[in-house]
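I have placed the structure first, in the form of structure tokens, so that the comments after it can refer back to it.
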Amino acid sequence: MSRTLIALLFTSVAAPALAADSNLKNLDVDLSKVTRENFYEVVVPAAKKEGTVTMYNFAGSFGDVWKELIGRFETKYGIKVAYNDVNLDQANQQLIAVHQAGQDAPVDAFFAGGGSFPLLSSTGVLGNVPLTKILPNFDHYDPALAENVFGRAHGGAFPLVHLNQTAIGYDSAFVKADEVPKSFDDLIVWAEKHPKQLGITLPAKGGSGSGFIYSLALNTLTGECRAKLTDTSQTLEQAEEWAMSTDCLTPVWDYYRRLMKSAELTNGNADTLNLINNQKLHMGTVWEDQVMTFIRGKQLPDSFRLTLLEKGQVGSGDAFIVAADAKHPAAAMLLIDLAMSKEFQAWKLENKASRSPRTDLNSSQINPETAQYLLPDAVYPRLSTSVFWDMAKALGEALDEKVLSN
Amino acid sequence: MTALFNDRRLQLLLLLAPGVGYLLFFFGTPLFQALRESLVTDQGDFTLMWYQRAFSRPSMVRGLTTSLYYGLAPVFVSLALSVPLSVLIRQSFIGRKLFNGLYKLPLAVPSLIAALAVIILAEQGGFLDRVLAHVGLSLPKIVRDDAGLGVIFTSAWKQVPFMTLIITSAFAAIPEDLRLAARAFGASRLQTFLRVEVPLAMPGISAAVLLTFIGSMGSYAIPDLVGPPSARPLSVLMVEGFKNGKFHEVYAMGMILSAFAIAVLIAYYTLTHRIGPQAVTGDER
Amino acid sequence: MLDIQNITKDYGPSRALHPVSVSVDKGEFITILGPSGCGKSTLLRILMGISRPSSGEIHLAGKRIDPLPPEARDIAMVFQSYALFPHMSVEKNLGFGLRMKRVDKAEQKRRIAHALEICNLTALSARMPRQLSGGQQQRVALARAIVMQPSLMLFDEPLSNLDAKLRDSLRAELVDLHRKVGATSLYVTHDQAEAMAMSDRILVMNGGRVVESGSPVDLYRRPKHAFTAGFLGLTNLVPVRAHGLQAALPWDGDPVLLTEERNGIARMALRPEAIRLEKAHHSPAEVTSTTFLGSNVLHLVKVAGMELKVTRSGTEPILEPGARVAIAIDGLQHLLVESDSVEAA
Amino acid sequence: MSAIAAPVPLGEKRIRFTEEDRPLIAFGLFTALGLTVLLPLALMFLWSVADGWSPPNIVPAAYTGERWAAVLSNSDILNAGLTSLFVSVVVTLATAVIALPTAWAMARIPFRAKRLVEIFILAPMIIPGLVVAVGIGRLFLSLGLAYSISGVILVQIVGTLPLMIRLMTATLEGIPQELIHAARSLGAGTFGVLIHIILPLCVPGLLAGGLLSFVASFEEFDKTFIVGAPAVQTLPVRLYMYLDPYSMQLPMASVVAFLLLVPALIIFVIAGRVLRDDLMAAGMGKM
């Protein structure tokens, strides 16, 4: 009784603030009145009235995951889902352009890269909904992610629905167990011993590359330099400026200069994997979840394995958000809610080895046949560190200017 | 009303309006927009900063040279293949008709598919590499290689039929008697080719060169897919910038790319006019 | 000078050229005359070296040339289409062959100047071909051949693209030039007037064979074959019965006197101007049509089931259609040889 | 114009000089063609049905029809195909309609600024389409055309229009004035001349221009991607998604590539029948 009272009190206090904050221009529902408890009651009718929902997916390897979700969603609610694969950066720019022109967004529910938060929120295209607080299926959501993402407060509007991890992947048929590098120093030594067999993704062309350069910087920089590196209050422009001009990064550039003499720069996350599959490379920078997709699609050998380097490599996640200018915001919320349901998250974990931000699911539920392709427990989650994507992007651009173009 | 309609100038304007008007609006406006945006800051003040940046940042400077390289190199490769090819397909040989139909196939193949084909065929560990591995050889890196061979081959693959088509018809338009005359006056086959046929086919050849140069210089998909990860041409940098919302920079690059294209066009006109308008009779009908 | 021996040309199973043998003396102007498709172009192409004979040999100035490519033959050609190089000035066009043959620069200059002069082109030397009239272009084409001083000059109907008046004046110029230059020339045409006006000798071709050859006068006056007779001007082919030096005509009248003794049934090529008509009221021959041509008049006369072509001078009184006429034949006539019933007496 | 359509008369020259080369030339050319065109297409097909294809296998070890089944039962890709067809058909028709009057003016009416207009019409062939695509965004947003099929159609026409105008100008120039006079003297009015004389004589040019426009539109990627994606999904855009260096999937890319190729090749075969090389060359080759 007292708990509901407090809850009521809380919502009534928070309501004006939420109402003022909400930027969902096409939402018929008064968000301030929506709680986890009455969510379905209020939102389902609104969503059915909208009748359809458009979703964007930025991750090429996630197509079949969303197919599964859409199937469940359409069966459950009878609301049609229009699905599009998109290019992340381009879709972001599209939302911004449409928003600035004062038009409706072409998308309602957007599965977006975890690094997009600063851009999407600062430009006002992110639907300002406390999803993690009002969607019923977020009741077991990791509290660390519920209000913050990569050091920024999002108030629940930018929930990660999938966690992923950058890693070093190798073909164990060619790399012996005792040769597997354990640190960045090991890595360069291995690369020099096996010239042109290590693939480093170009940061501008893939997150496994920008994750790698950020991890390297985290491992190399200390003191004030490191503080700057992890200061998530900086904007992308500030990060770019710093990365272009600072001397802090000299050791990083030196590392890359040395590495580039013996390693291969690849054209993207998939290119790295493809070359490993072609046995042209035996080791490379990868995303854990993409590796899984490629193994399932027989685009990687069964002997492929993953590891993390000391003192850590960045982990990330991708968010499912409502666009501020969404035409069908209620249906979008409903779709996101279903994406976080325990059943679906469990399916995703089992079938795609996609890690979940739900606290009641963990990797032990993955079947052992699949688990061998994932990061071993010895390194994960111990060596997973947080990322500041705008800084990672800035480092990638600076790398282009400082090392690659010379 | 009828009188108005019969006014020849009005008639002309009405006739020109659809085509020229369309291009003015949907081509002129964005171009002008891009030009204007490339010259102002975020706050709208005039600046040359974006151009300065394009000409001073190492990656951009490299983008400039790479664009030129991706424009020129495929043209040379295609030319080196198309001219002999168009000479050969004038000969009669078994299956000439079939070949004549088939060689144009790449004209209908989208460049994305061309890129896919090159990847499948020639990438590291791709088909050719595997075949060669069986005889103990290995294919040099020609896809996403630093020299951009993959881009050059893919562009050339797309261009050769187009170029051959134009060059063949330029050659075909040369009266047979001129060839015979050259031979009768003591020119060998090679001399006839170099001194009579090539000069007369020049307008066709140079137009083909120009179009393919511009086509491959401005193309995005091919260098993005089969080009080396670093050393990206302006077109790729433009799209990257566009995706990241760096519009002023993108417009400045676009203007530079356009300036290149226009410079080449002007050079072409000056050149053909210096050779003399009579050279144009080669493809006059 | 030029010796063509048993040249043939087959295209697959079909024979475009039956064995042809011709021999041309130095400085001679010889014409190959025939309708289109008679094989004269094939022969020309073989001479040029664009086409290779299926059998036979060609010798030019004592050298066998049939296996040689065009550029190795000492031959120059004047084309029907002129074939001037459109991207070269008149002077450059003239110099093209000399450059190809690596003639000494000073010599080139001298020869070009000379050729320009004799072809009356000096003032036009810097012009481009498209700036010239048809006649001028033809003269350039001619000069381009002359400048080579070739062992043999080939002409491929060079005047056929010009209008009638220009053709006549250029024809005269050509004859004049040939006299000046004295080059051995082989001229291909289907125009009998041109052939007769220019040639030392005419080769009549038909159906891939040389029908006969001879001087223009001989061929006109004493054709041995109906084809020659028919191709060189108007003629009447009249069946006759020869007996010694006389031949009986198919209609009543005096027998015709023959150039040589023959016996049997034959045909005679009777030129329209060799027939004389006199008004004769009871004659069976009747004028059926009359065409006034200015310098002469062409009559068609019906007699013995035949229609005879007869020309009379334009100054004589004109016979109206329906007029009855008597027919007389002038001079000695000669019989065509192709009729197998004819035998030498 | 049609006179040039006929190939240069096949003189004996060819027979004379190529008798012995012929089989060699044919062999060489067809081998080259096979290696550069047919082999890649065959490999692409193998990729689309390969169930895993890793070195050192030269042909896949196992095959599967799953991807084709998946794609053919996937309405997204079929919809993208329909969108592509729709866009291309509209672009082709609109291009022809817009081009005709202008081409008529360019071919038939002398005016002072003609050279200038001609260069302006050519300009879109010179300026990379990418520049237009990135520049048109604001205009389209203000017109409500951004990320719409209409927007994609409009921007594609910028690319197809110059060629069509050129081809039609060349075709119209080739209609003898006498023909029009003759028709008029036989009592045809302006409309009659247009219907009975001009349009029928335009058919080769229209066909050539139409086919080229269709193919150009069907395969267009750069501009469509910038202006329309992801809201407008044409087959090339789909294909790029599977080729994208972020998430390249060769097997799926191969399937979509084939879907994209089929209509293009059908058009190509038709084109081979109705198109004359010289007309194509005249439109594209003369600047």
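Each chain gets a letter, A, B and so on, in the order its sequence line appears, and its residues count up from 1. Since we're looking at a predicted model, the values are computed, not measured.
The two residues D:Phe120 and B:Val20 have their closest heavy-atom pair at CE2-O, 3.9 Å. Taking every heavy atom of both residues into account, B:Gly254 and D:Val131 meet most closely at O-CG2, 3.6 Å. Heavy-atom minimum distance, B:Pro106 versus D:Val37: CG-CG2, 4.0 Å. Pairing each heavy atom of B:Gly218 with each of D:Asp222, the nearest pair is O-OD2, 4.0 Å.
When heavy atoms are compared at a cutoff of 4.5 Å, B:Phe242 approaches chain D solely by way of its side chain, counted from C-beta outward. Both the backbone and the side chain of B:Ala221 come within less than 4.5 Å of a heavy atom of chain D. Heavy atoms closer than 4.5 Å to chain B are found in both the backbone and the side chain of D:Ala257. In this structure, chain D has a heavy atom under 4.5 Å from the side chain of B:Thr29, while its backbone stays farther away. Contact of D:Ala32 with chain B is not made at all, since no heavy-atom distance falls under 4.5 Å. Contacts of B:Phe25 with chain D are made by both backbone and side-chain atoms, with heavy-atom separations under 4.5 Å. Interface residue D:Ile58: backbone and side-chain heavy atoms are both found under 4.5 Å from chain B. Looking at D:Leu154, the atoms closer than 4.5 Å to chain B (heavy atoms on both sides) sit in the backbone and in the side chain alike. Contact annotation for D:Phe218: neither backbone nor side-chain heavy atoms come within less than 4.5 Å of a heavy atom of chain B. At a 4.5 Å heavy-atom cutoff, B:Leu35 makes no contact with chain D through either its backbone or its side chain. For chain B, the nearby part of D:Phe140 is the side chain; its heavy atoms alone come within less than 4.5 Å. For D:Leu143, the part sitting under 4.5 Å from any heavy atom of chain B is the side chain, from C-beta outward, and nothing else.
Residues B:Leu98 and D:Phe30 meet the side-chain proximity criterion, which asks for heavy atoms closer than 4.5 Å. Within the 4.5 Å cutoff, no side-chain heavy atoms of D:Val215 are placed close to those of B:Leu107. You'll find the side chain of B:Pro110 stays beyond 4.5 Å of the side chain of D:Pro236, heavy atoms only.
Here B:Leu16 is the residue among B:Ile167, B:Leu16, B:Leu31 with the most heavy-atom pairs under 4.5 Å with chain D. If you tally non-hydrogen atom pairs under 4.5 Å between each of B:Val250, B:Val131, B:Val118, B:Leu257 and chain D, the highest count goes to B:Val131. For chain D, the option among B:Leu121, B:Leu112, B:Val109 with the highest count of heavy-atom pairs below 4.5 Å is B:Leu112. Ranking B:Phe153, B:Phe127, B:Phe32 against chain D, the residue ahead of the rest is B:Phe127, based on heavy-atom pairs under 4.5 Å. For the set D:Ala133, D:Pro128, D:Pro55, D:Ser54, the entry with the most heavy-atom pairs within less than 4.5 Å of chain B is D:Pro55. Among B:Leu88, B:Ile89, B:Asp129, the residue with the largest count of heavy-atom pairs under 4.5 Å with chain D is B:Leu88. The candidate with the highest count of non-hydrogen atom pairs below 4.5 Å against chain B, out of D:Ala99, D:Pro162, D:Pro124, is D:Pro124. Chain D forms more heavy-atom pairs under 4.5 Å with one residue of B:Met255, B:Met253, B:Met238 than with any other, namely B:Met238. With chain B as the partner, the residue from D:Ile226, D:Leu100, D:Leu250, D:Val97 showing the most heavy-atom pairs under 4.5 Å is D:Ile226.
Looking only at distances, a side-chain donor or acceptor of B:Arg130 sits under 3.5 Å from a matching main-chain atom of D:Asn57. Judged purely by atom type and a 3.5 angstrom limit, D:Trp104 has no side-chain atom pairing as donor or acceptor with the backbone of B:Leu15. A side-chain donor-acceptor contact under 3.5 Å links B:Tyr251 to the backbone of D:Val134. Not one N or O on the side chain of B:Tyr22 forms a donor-acceptor pair closer than 3.5 Å with the backbone of D:Thr95.
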Are B:Ile262 and D:Ile127 close enough, and set up right, to give a side-chain contact (heavy atoms from CB on, under 4.5 Å), and what steps lead you there? CA-CA 7 Å; B:Ile262 292 167; D:Ile127 306 289; 3.8 Å; yes
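Considering CE of B:Met217 and CD1 of D:Ile126, their distance stands at 9.5 Å, rounded to 0.5 Å. Here CE of D:Met44 is found 4.5 Å from CG of B:Leu116. Values are rounded to the nearest 0.5 Å.
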